Amino acid sequence: MRPGPRPLPLAAGALSVMAVAALGGALTDIGPWYLGLAKPAWQPPGWIFAPVWTLIFACCAWAFAEAWTGARTRAARSIIVWLFGLNMLLNVAWSGLFFTLRRPDWAMFEVVLLWLSIAVLIRQVRQASGRAAALLAPYLVWVTIAAVLNWEVVRLNGPFGR
C-alpha cells in the first residue's frame, strides 16, 4: 500500500483552499439581489452549498498533497502548483463576477474556464496520482452543476449590466 501524502504538502493544500474559501465567501453576498433572481426549480437548496464546498475543498487539499507527493520531478511539482493556483484564482473570480459585480453573464463565460481548469488539473495530476485525480472528480461534477445553474440564471434574468 502506497503511503499517503506528506504533511507539508497537505498543510500547504489545506491553507490554500482555506484562503480560497475565505476569499470566495467574502465575495459572495446572498442578499436581496441574489434572492430576487429567478432560479430554476431544480436548484439545490441553499443549505447544501456550504457542506458541499467544504467537502470539495477538503478533497482539493488532499488531491494537491497526493499529486505533490506522487510527482517524480521538480518540474512536475511546479506544473501541479501552477495548475492548482490558476484553478484557485478562477474559483475566486467566479464569485467576484457573479455576486460582487452582479454579472452572471460574465460569470457564465468564466465558469467555462474554471471547468476547463479542473479538467486539465485532473488530467495532469493523474500522472502523479490516480487517487488525486479521483479526489477532484466531485469538484468537476459540482462546477458542471453550477455552470448549468449559472446559465439558467442568465436565461431567466438577463440582460445584466443595465
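In this text the structure is predicted, and so the values were computed from the model without any measurement. Positions are given from 1 along the sequence.
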Problem set entry | Members sharing Met18's hydrophobic cluster (side chains within less than 4.5 Å) | Leu15
For this session: Kindly check if the number of other-residue, nucleotide or ligand heavy atoms within 6.0 Å of CH2 (Trp151) is above 12?
Result: no
Atom pairs and distances, side-chain donor-acceptor, residues 43-61, under 3.5 Å, sequence neighbours left out:
unit_1 : atom_1 : unit_2 : atom_2 : d
Gln43  : NE2    : Tyr34  : OH     : 2.9
Thr54  : OG1    : Ala50  : O      : 2.8

Problem set entry | Residues forming a side-chain hydrogen bond (donor to acceptor under 3.5 Å, both in side chains) with Arg103, sequence neighbours excluded | Asp105
For this session: Name all residues meeting the side-chain hydrogen bond (donor to acceptor under 3.5 Å, both in side chains) criterion together with Asn87; count only those two or more places apart in sequence or in a different chain, and write none if there are none.
Result: Ser117, Tyr139
Exercise. Residues two or more places apart in sequence or in another chain: which of them pass side-chain hydrogen bond (donor to acceptor under 3.5 Å, both in side chains) with Trp68?
Worked result: none
Problem set entry | Joint cluster assignment, Leu90 & Ile80, ILVMFWY side-chain distance < 4.5 Å | yes
Exercise. If you group Ile, Leu, Val, Met, Phe, Trp and Tyr by side-chain heavy-atom gaps below 4.5 Å, do Leu156 and Val154 land in one group?
Worked result: no
For this session: State plainly whether one hydrophobic cluster holds both Val125 and Leu135, where clusters connect Ile, Leu, Val, Met, Phe, Trp and Tyr through side-chain heavy atoms under 4.5 angstrom apart.
Result: no
Exercise. With hydrophobic residues grouped by side-chain heavy-atom distances under 4.5 Å, do Leu89 and Leu136 end up in a single group?
Worked result: no
Exercise. Within the side chain of Asn157, is there an N or O that forms a donor-acceptor pair under 3.5 Å with the backbone of Val153?
Worked result: yes
Problem set entry | Sequence neighbours excluded, every pair satisfying salt bridge (Lys or Arg N to Asp or Glu O under 4.0 Å) that has a member inside residues 69-80 | none
For this session: Mind checking side-chain contact (heavy atoms from CB on, under 4.5 Å) for Leu83 and listing every partner two or more places apart, or none if nothing turns up?
Result: Ile79, Val120, Leu121, Gln124
Problem set entry | Residues which pass side-chain contact (heavy atoms from CB on, under 4.5 Å) with Leu10, listed by chain and number, not counting sequence neighbours | Trp62, Ala65
Problem set entry | Donor-acceptor contact present, side-chain Asp29 to main-chain Thr100, <3.5 Å | no
For this session: Report the distance from atom CE of Met88 to atom CG of Leu114, rounding to the nearest 0.5 Å.
Result: 12.0 Å
Exercise. When hydrophobic residues are tied together by side-chain contacts of less than 4.5 Å, even through go-betweens, does Leu37 share a cluster with Phe109?
Worked result: no
For this session: Determine which pairs satisfy ring-ring contact (aromatic ring centres under 6.0 Å, His included) with at least one residue from residues 73-92, sequence neighbours left out, and list them in order.
Result: Phe64-Phe84
For this session: Share the residues that join Trp106 in a hydrophobic cluster, the rule being Ile, Leu, Val, Met, Phe, Trp or Tyr side chains under 4.5 Å apart at the heavy-atom level.
Result: Leu97, Leu101
Problem set entry | Pairing residues for Glu152 by the side-chain hydrogen bond (donor to acceptor under 3.5 Å, both in side chains) criterion, not counting sequence neighbours | Arg155
Problem set entry | Step-by-step side-chain contact (heavy atoms from CB on, under 4.5 Å) determination, Val111 to Phe98 | CA-CA 10 Å; Val111 78; Phe98 192 100; over 6 Å; no
Exercise. Listed by chain and number, what are the side-chain contact (heavy atoms from CB on, under 4.5 Å) partners of Ala76, not counting sequence neighbours?
Worked result: Ala71, Thr73
Problem set entry | Atom pair CG/NZ of Leu149 and Lys39 - distance to nearest 0.5 Å | 8.5 Å
